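Notes for the one structure printed next.
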Amino acid sequence: MIEPRHTPIFKMVQPDDTTPAIFSDPVTVNGSSTTLSLLADGTLWWPEGGQRTLTIDKEVLGFVADGPNIKLKTAVETRVGCCGGGRGTLTRNDLVFRPSSEESHGLWCQKLGEFIDSLGRPKRLLVFVNPFGGKKAATDIFRDQVKPLLEDAQIQLTVQETKHQLHAKEVVTSLDVSKYDGIVCVSGDGILVEVINGLLQRDDWDTAIKTPIGVVPAGTGNGMAKSLLDSVGETCAVANAVLAIIRGHKRSLDVATIKQGGIRYFSVLMLAWGLIADIDIESEEYRWMGSARIDFYGLNRVFNLRHYTGCVHFVPAPGFDSYGEPSSYPANSISNGCEGDPIGMEPVNSKGHCYQGPEIDLENLSWRVLNGPFISVWLHNVPWGAENTMAAPDAKFSDGSLDLIIVKNCPKLQLLSLLSELNTGGHVKSPYVMYLKVKALILEPGPRLEKKEKEGIIDVDGEVLARGKGSYQCDKKALMAYDKLKITVDQGLATLFTPI
């Protein structure tokens, strides 16, 4: 949470004497005469009651000319704890100073504007706000926490509140992306996934997918926002996510293509089959319990444990070829998916000029295989699946690999202990867990070992991709059939705004 403005408190630091000044000028700050300097490294320095500094890149959002004064819009971290050593809260402040002359006023505006422009910050953003996700708080979060910061940064906003599932995908499919410097998702992970799929369904996908995407945590899981912020030691807070967007730093993101026959779906977070998918999807029946539903239903599933038959074919990343047994490319036919219009997802047309997935000669790769039964198969693209679930602690945003977490045999008490460590990533150290990186994967899901007439659920990025016979709400349509899936990864295909 970012605090409202109060009397500004800025850092008291002596700048590096070797850093030259771009511009210095006698000014008035808070009624006191002093000298304000803009250093070449973007530091603003003035000796008012001690050595005080602001870094433009990290702390200055923007500025406005206010008559003879210049008003700097800032977000400054106020330290807490003993000697200010703890992490504090971000506070919106205005630093108001008056240059010595009209000419100096113009030069200050010019130099500040040039330096901020040199940082490559976004100036025009399309913002999706999902009022239906999570605790249905995204509209309030945008109004109270996101919009004020973006306006301080003088970013032009086009705001689109989503009206229904796939609305964001529909918008970006035909969007003139040249009008924007980025797209922002104020939601959980669902809107991000819609935006990625929409951009890749365009004829100009190779240009459109370069549009930077920002994620503000306002949903249930917030796995991508958590992964981005945690990677630099920041808390998963709205203000930190918004500042990352304002600063304009970018990083690449791998995108996984899930293919079944002529149907494709693009994933950026995770795929689950078995225990994790069952808990995630079937616990919806207990949504009235709030966040406790996951723990409650997790206990239920552990004590009534299911094992699923099937096999996982994979191409190991370098250093992980000791897992499984050597195999050949499983080239037998793959289902063409479900008939009719799926609920909550749309297929990517395999015809036309939209993105078809990475060009990989799968047949000539070194395949290996793991045979079931399995308790859980979990494939992850980023470390965090949710704010409290560090599923794949070694996952990287753009390494061209997916992290595979498999549990085959595990006593129930040890399984409970394993699940309790998901918030720290400690589960991957368990002797009952196989944790490896793969470059490609083919999943062949089968029925439950205990009840052959019942199959499972495949969960992708928090949505049902496939429902097997006798599974939860199996009468509902899904995008793909409960059958063989081919999964490949395209290294660094998408672009995200990132804290650093």
Side-chain angles (χ1 to χ4, degrees), residues 254-261 264-265 267 270-277 306-335 356-381 391-396 398-410 415 418 427-449 452 455-456 458-460 465-466 468 480-491:
D254 293 343
V255 177
T257 299
I258 304 171
K259 183 175 183 291
Q260 188 178 78
R264 291 172 175 81
Y265 187 76
S267 167
M270 65 85 174
L271 178 146
W273 170 54
L275 178 64
I276 299 299
R306 300 167 181 168
H307 296 79
Y308 289 91
T309 60
C311 60
V312 177
H313 302 265
F314 61 96
V315 177
F320 295 93
D321 51 7
S322 62
Y323 291 89
E325 301 295 332
S327 175
S328 58
Y329 175 61
N332 49 318
S333 63
I334 294 179
S335 168
Q356 302 294 308
E359 296 182 2
I360 303 173
D361 183 7
L362 294 174
E363 293 187 19
N364 293 317
L365 296 178
S366 298
W367 287 89
R368 300 183 74 83
V369 64
L370 284 164
N371 292 302
F374 302 98
I375 291 174
S376 177
V377 174
W378 209 357
L379 195 63
H380 250 266
N381 191 36
D394 295 337
K396 308 298 180 187
S398 183
D399 63 354
S401 300
L402 297 170
D403 284 37
L404 179 60
I405 308 104
I406 288 181
V407 179
K408 291 188 65 178
N409 299 301
C410 184
L415 186 57
L418 185 156
H427 62 289
V428 300
K429 299 176 182 179
S430 167
Y432 299 102
V433 174
M434 282 185 277
Y435 182 35
L436 63 150
K437 289 181 178 287
V438 300
K439 309 294 285 186
L441 182 140
I442 292 177
L443 174 64
E444 294 190 46
R448 297 185 206 170
L449 183 65
K452 299 289 187 183
E455 297 175 327
I458 299 174
D459 173 12
V460 173
L465 183 74
M480 295 184 181
Y482 187 78
D483 202 346
K484 186 187 295 185
L485 302 174
K486 181 168 69 178
I487 304 161
T488 51
V489 59
D490 203 332
Q491 184 171 4

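Values in this document were obtained by computation on a predicted structure and should not be read as measured data.
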Is any side-chain heavy atom of Leu402 closer than 4.5 Å to a side-chain heavy atom of Asp254? no

Under 4.5 Å between any side-chain heavy atoms of Leu370 and Met434, yes or no? yes

Give the minimum heavy-atom separation between Pro373 and Leu449, together with the two atoms involved. CG-CD2, 4.1 Å

Return yes if some donor-acceptor pair links the side-chain N/O of Trp367 with the main-chain N/O of Ala440 below 3.5 Å, else return no. no

Min side-chain heavy-atom separation Lys486-Leu362 under 4.5 Å: yes

I need the minimum non-hydrogen distance between Ala317 and Ser401, along with the two atoms involved. CB-OG, 3.8 Å

Heavy-atom pair with the smallest gap, counting every atom of Ala466 and Ala481: CB-O, 3.5 Å

Between Lys408 (side chain only) and Asn371 (backbone N and O only), is there a donor and an acceptor less than 3.5 Å apart? yes

So, do Val428 and Pro393 sit near enough that their side-chain heavy atoms are less than 4.5 Å apart? yes

Any donor-acceptor pair under 3.5 Å from Lys259 side chain to Gly261 backbone: yes

Hey, is the main chain of Gly456 close enough, under 3.5 Å, to the side chain of Tyr482 for a donor-acceptor pair? yes

Sole candidate of Val377, Ile276, Leu404, Leu443 that passes side chain to side chain contact (heavy atoms under 4.5 Å, CB included) when paired with Leu271: Leu443

To the closest 0.5 Å, what do you measure between CG (Leu379) and CG (Asp459)? 12.0 Å

Write down the atom of Val489, the atom of Ile360, and the distance for their closest heavy-atom approach. O-CD1, 4.3 Å

Of the non-hydrogen atoms in His380 and Ala391, which two are nearest, and what is the gap between them? NE2-CB, 3.3 Å

Residue pairs meeting salt bridge (Lys or Arg N to Asp or Glu O under 4.0 Å), one or both in residues 360-380, sequence neighbours left out, come to none

Indicate every side-chain donor-acceptor pair of residues 308-315 with a distance under 3.5 Å to a residue at least two apart or in another chain.
residue : atom : partner : partner atom : Å
Tyr308  : OH   : Asp278  : OD2          : 2.8
Thr309  : OG1  : Pro447  : O            : 2.9
His313  : NE2  : Glu444  : OE2          : 3.0

Polar side-chain atom of Lys437 near backbone of Gly319 as donor-acceptor pair, under 3.5 Å: no

Test side-chain contact (heavy atoms from CB on, under 4.5 Å) applied to Leu415 and Leu275, step by step: CA-CA 11 Å; Leu415 186 57; Leu275 178 64; 4.0 Å; yes

Got a second to check how far Ile375's CD1 is from Cys410's SG, nearest 0.5 Å? 5.5 Å

Short question: side chain of Tyr323, backbone of Val369 - any donor-acceptor pair under 3.5 Å? no

What residues, two or more places apart in sequence or in another chain, satisfy salt bridge (Lys or Arg N to Asp or Glu O under 4.0 Å) together with Asp490? none

Would you please test Lys439 and Leu365 for side-chain contact (heavy atoms from CB on, under 4.5 Å) and show each step? CA-CA 10 Å; Lys439 309 294 285 186; Leu365 296 178; 6.0 Å; no

Residue pair Asp403, Tyr435: steps toward the side-chain contact (heavy atoms from CB on, under 4.5 Å) verdict: CA-CA 7 Å; Asp403 284 37; Tyr435 182 35; 2.5 Å; yes

Rounded at 0.5 Å granularity, tell me how far CE in Met480 sits from CG in Leu465. 5.0 Å

State the CG-NE2 distance between Asn409 and His307, to the nearest 0.5 angstrom. 6.0 Å

Keeping the roles fixed (side chain from Gln260, backbone from Lys484), state whether a donor-acceptor pair exists under 3.5 Å. yes

Show the numbers, then the answer: is there a side-chain contact (heavy atoms from CB on, under 4.5 Å) between Gln356 and Thr257? CA-CA 8 Å; Gln356 302 294 308; Thr257 299; over 6 Å; no

